[in-house]
Q: 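I have a structure here, written as structure tokens, and I will follow up with some questions on it.
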Amino acid sequence: MLFGGLEAGGTKMVCAIGDEKGNIIDQAKFPTDSPDICMPKMIEYFKKFDIKALGISCFGPVDLNKKHDTYGYILKTTKENWADYNIVGGFKEALNIPVGFDTDVNGACLGEAIYGAGKDLENVVYFTIGTGIGIGLYLNGKLHHGTMHTEGGHMYIKRHPKDNYEGICIFHKDCLEGLASGPAIEKRFGIKCEYIENNPNFMDIESYYLAQGVVNAILAYSPEKIILGGGVMHYPNLIEEVRRKTVELLNGYIQTREVLEDMDNYVVLPKLLDNAGTLGSLELARLEYEENRD
Ligand code: ZN
């Protein structure tokens with residue numbers, strides 16, 4: 001049985017066809033032009049295959065609440081052409097199949113939870129640390145939503161004593177995203193994260209902030225696995241330092257085997273690399289198909 005997956009990003013739309021076991025059969029990418037240019041191309045692509053449902057992992061903010069009139073819409077976004085756009089409705093009307101919908105970070109979280117680093121677990125927290133910081137939550141075997149979707153990247157954290165950078169978040173300045181995202185690193189050090197070499201300040205400050213994110217996730221959700229993805233995590237040895245500081249900041253309060261003995265397998269990098277979002281989208285499609293069958 002075939003499903004369609006769409007990873008809708010700010011610069012590109014990654015379309016994929018796969019089966020119910022997560023085997024990717026075909027893939028196509030389109031630039032994220034305005035909907036009137038981009039949607040017909042994607043619809044034409046998906047129509048070439050006999051897919052039973054489509055799953056969309058989408059840049060946000062989005063409305064995920066099925067009780068709302070604006071469910072399936074991209075809400076107020078800086079990508080003006082897509083603001084208030086009914087992306088789920090657009091595909092439903094054209095393809096006439098069930099359409100699953102979630103945020104991009106939840107999509108990647110689902111992919112990792114089902115097929116990647118969180119396989120066979122029911123409680124997984126996924127961080128993406130790149131242009132922004134987002135947190136996907138897979139709790140009790142399901143993606144978590146609530147009134148909208150969580151915005152854990154904007155949690156408030158303690159400032160590093162040596163850091164006097166004000167923070168880049170336009171809402172909060174020095175929230176987690178404001179202090180630890182790729183653009184925050186670039187502003188603070190005057191150089192992109194990937195070009196920073198041998199700067200002990202960078203390692204110390206960045207890992208301190210990310211460790212606080214991890215600590216808060218452990219305290220709030222008691223997850224079975226924490227996955228740290230996104231471009232910033234490609235920095236050599238950053239994850240080791242985040243693990244070390246996480247244990248230090250917890251300071252003996254959490255006495256689980258994972259924290260005391262097994263941090264290397266508890267706080268980990270993603271396994272699926274670039275495919276997490278695509279596999280998550282295909283799983284969103286499969287779940288929506290199952291839900292509509294009942
Ligand atoms: Zn913020």
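Predicted model, so just to flag it, every value in this text is computed and none were measured. Heads up: numbering here begins at 1 and tracks the sequence. As the structure lists them, so they are numbered: ligands from 1, and atoms in each ligand from 1.
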Q: So L139 and Y221, side-chain contact (heavy atoms from CB on, under 4.5 Å) or not? Walk me through it.
A: CA-CA 8 Å; L139 301 175; Y221 305 114; 4.1 Å; yes

Q: Would you say the side chains of H144 and N106 form a donor-acceptor pair under 3.5 Å?
A: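 The criterion, which ignores hydrogens and geometry beyond distance, is not satisfied for N106 and H144.
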
Q: Which single N/O/S atom of H154 lies at minimum distance from the Zn ion (ligand 1)?
A: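 Within H154, restricted to N, O or S, the Zn ion (ligand 1) is closest to atom ND1.
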
Q: What angle sits at the Zn ion (ligand 1) between SG of C175 and SG of C169, to 10°?
A: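 Answer comes to 110°, rounded to 10°.
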
Q: Do Y209 and D163 have a side chain donor and acceptor closer than 3.5 Å?
A: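 Side-chain D/A pair, Y209 to D163: present.
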
Q: What atom name does the N, O or S atom of H172 nearest to the Zn ion (ligand 1) carry?
A: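 When I compare the N, O and S atoms of H172, ND1 is nearest to the Zn ion (ligand 1).
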
Q: Under 4.5 Å between any side-chain heavy atoms of Q212 and L176, yes or no?
A: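 Q212 vs L176: side chains apart.
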
